[in-house]
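In what follows, a single structure is set out as structure tokens and then discussed.
Note that the numbering runs from 1 along the sequence shown for the chain. What's counted below: heavy atoms across the whole structure, side chains too, no hydrogens, waters or symmetry copies.
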Amino acid sequence: MKNGFRQSMAWLHTWTGLLVGWLLLLIFMAGTASYYREEISRWMRPELPATTVSTDVAAERAVHYLQEHAGQAETWFVTLPDPRNPAMRMFWRNPESMVKPPVEGERRRRGGGRFGDATVDPNTGEKLEARETRGGEFFYRLHFDLHYIPVLWARYLVGFCAMFMLVAIITGVITHKKIFKDFFTFRKDKGLRSWLDFHNVSAVMALPYHAMITYTGIVTLMVMYLPWGIKAAYPTDEDAFFSEAFGGMPEVSAPAEGRAAPLPIQQLLDSARTHWKGVDVSGFSVTSPGAANAVIDIRQRDGRRLSIDTPALRYDMVTGKLLMESPASGAATATRGVMYGLHLAHFADWGLRAFFFLSGLTGCLMVASGVVLWAVKERPKHAKSGRIGFGLRLVDALNIGAVAGLPIAFAAYFWGNRLLPLQLPERADAEVSVFFYAWGAALLAAFVWPKRVMWTWQLYLGAALFALLPLLNALTTHAHLGVTVPAGDWVLAGFDLVMLAFGAMLAMCGWRMQRWTPPLSAAEKKKRAAAAAAGSAVAMEAKA
């Protein structure tokens, strides 16, 4: 603290940001993409048709499909189509007695064959043979599971990064005593000063969002990070804590009894809408389908509700009697639900979702400019010694591989979706591998040659991959701009247009980097001025 409180905060701000900056950039980019994970998933499955039927008709066809293909299942789970996802997803759980042991030499099915799933066209009630992909769900899981790292360790690592991010935000506010003045200040072509101005502007522009998304991200996994309170209050029954804290209805434990015809699904959905005063449903699950004691849990569709906790109603599927509804949340449970809801933004309409997305991009720029700023500040010190030290070379390589290389990986993931054979085994995993192979190649190239020209090449490559993606889409599918724009399908058209915008943005960055000339330092200016003065003196003596 000998340098003063603000100087100490500046030191803390620099190192908390730098140490986790590159991983934090991946988390921010993947999390920002997750705001449109449903739209990304739809673009990555162009075989899915647009929905032209009502929710009731779709639900009726879902029940008919399940009665035909999973009539002996213990439980059905159905997600109905909505404006962001036109297909119906359904899962079911078979009784253990129906599970067949794997044939020798064949790979055992996931879940041991006890679970089934299907994607069904709500317009026809027939199963859709769409390409296998993880779609936008990959980005959502990546931003807190990091894919290849064991889940537990990944979430601890992400929480560690989020804590460092929160410290960096707080210390950044303390450090910049002229934070609002700096927000309106940008000095172009001033070297270090320009980078600092850009970092300040990108940080302050969406400061409330940055603080909210970081804090709520930590809250979503608070039980994992702080388990000691649970162990103290529930030493022998932790399940009781989760039941009380997270609410929801208890699972149905009664075994199936007899057989009886259920009520029409439309009647049950209408009853739920009436109870919720017109709010629509998002899906339902049925326990012991076809039995005399079958029950159905109907889930409410996300709307303007901030909380992630979804209200549900439980009906007797034969008599239509309301058996139970989601219990009212206590203050702590409601607070957790709202924090989680703010982080995921399921409540957001298209305008607010776009605002969250742009704020997330601003956060990416803030993190990227921060790690680059450190290298810009350190370079003059190394220039005086005449050699680039290992630390600066490492940071330069990581900056190129993360800031310029990650966009290449994101674009490559989409290219993989269009170019990999449709019948390729484990196709979804192959798409993910394309993402990491592309990123690994960008990192390797950056470590081999961490020079300014590598920045230019990787930025131009990312620009080309994004800008050409709509063309690739037109060559490989029927869902291209020539079809989607006239049809008014702005989910698919919007994806292609955003890819073009990203391509243009990266091309502009590459062009700027290619033509950028580092400004002279003060010492270099004095040296050149002295040389010019000496040259003038010699010229005057020669004339004399």
Quiz item: Less than 6.0 Å separating the ring centroids of Phe495 and Tyr36?
Solution: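 No, they do not, as the ring centres are separated by 6.0 Å or more.
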Quiz item: Would the Phe28 and His143 ring centres measure less than 6.0 Å apart?
Solution: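 Ring centroids of Phe28 and His143 are no less than 6.0 Å from each other.
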Salt-bridge present ([X], [Y]; N to O < 4.0 Å):
{"X": "Arg336", "Y": "Asp309", "result": "yes"}
{"X": "Asp121", "Y": "Arg61", "result": "no"}
{"X": "Lys127", "Y": "Asp117", "result": "no"}
{"X": "Arg427", "Y": "Glu431", "result": "yes"}

Practice problem: State which residue, out of Arg134, Glu137, Arg141, fulfils the side-chain contact (heavy atoms from CB on, under 4.5 Å) condition with Arg37. | Solution: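 When Arg134, Glu137, Arg141 are each tested with Arg37, the side-chain contact (heavy atoms from CB on, under 4.5 Å) holds only for Glu137.
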Write down the atom of [X], the atom of [Y], and the distance for their closest heavy-atom approach.
{"X": "Phe347", "Y": "Leu342", "value": "CE2-CA, 4.0 Å"}
{"X": "Pro86", "Y": "Pro122", "value": "O-CG, 3.3 Å"}
{"X": "Phe414", "Y": "Leu469", "value": "CB-CD2, 3.5 Å"}
{"X": "Ala130", "Y": "Arg45", "value": "CB-NH2, 3.4 Å"}
{"X": "Gly135", "Y": "Tyr413", "value": "O-OH, 2.9 Å"}
{"X": "Gly21", "Y": "Val371", "value": "CA-CG1, 3.8 Å"}

Exercise. Evaluate the criterion side chain to side chain donor-acceptor pair (under 3.5 Å) for residue pair Thr119 and Arg89; output intermediate values, then yes/no.
Key: CA-CA 5 Å; Thr119 301; Arg89 287 288 293 164; 2.4 Å; yes
How long is the straight-line distance from [atom2] of [Y] back to [atom1] of [X], given to the nearest 0.5 Å?
{"X": "Asp496", "Y": "Phe466", "atom1": "CG", "atom2": "CZ", "answer": "12.5 Å"}
{"X": "Trp490", "Y": "Leu497", "atom1": "CH2", "atom2": "CG", "answer": "7.0 Å"}
{"X": "Ser41", "Y": "Phe138", "atom1": "OG", "atom2": "CZ", "answer": "12.0 Å"}
{"X": "Asp280", "Y": "Gln300", "atom1": "CG", "atom2": "CD", "answer": "9.5 Å"}

Quiz item: Do Thr16 and Met163 pass the side-chain contact (heavy atoms from CB on, under 4.5 Å) test, and can you show the C-alpha distance, the side-chain angles, and the key distance before you say yes or no?
Solution: CA-CA 9 Å; Thr16 53; Met163 286 299 300; over 6 Å; no
Quiz item: Between Tyr65 and Glu126, is any side-chain donor less than 3.5 angstrom from a side-chain acceptor?
Solution: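 Tyr65 vs Glu126: no donor-acceptor pair found between side chains.
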Practice problem: Name the orientation class of the two ring planes belonging to Phe160 and Phe164 (parallel below 30°, tilted from 30 to 60°, perpendicular beyond 60°). | Solution: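 Judged by the thresholds at 30° and 60°, the geometry between Phe160 and Phe164 is tilted.
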Exercise. Could you check whether the rings of Phe410 and Phe139 sit parallel, tilted or perpendicular, using 30° and 60° as the cut-offs?
Key: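 Parallel.
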Quiz prompt | Check against ring-ring contact (aromatic ring centres under 6.0 Å, His included), Phe356 and Tyr35 | solution = CA-CA 8 Å; Phe356 271 60; Tyr35 286 128; 5.7 Å; yes
Quiz prompt | Under 3.5 Å: donor-acceptor pair, side chain of Asn85, backbone of Glu38 | solution =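 No; zero donor-acceptor contacts below 3.5 Å.
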Quiz item: Taking the six-membered ring of Trp457, is the NZ or CZ of Arg452 close enough (under 6.0 Å from the centre) and on axis enough (within 45°)?
Solution: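 Negative - Arg452 is either too far from the ring of Trp457 or too far off its axis.
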Quiz item: So Trp439 and Leu443, side-chain contact (heavy atoms from CB on, under 4.5 Å) or not? Walk me through it.
Solution: CA-CA 6 Å; Trp439 190 23; Leu443 278 168; 3.9 Å; yes
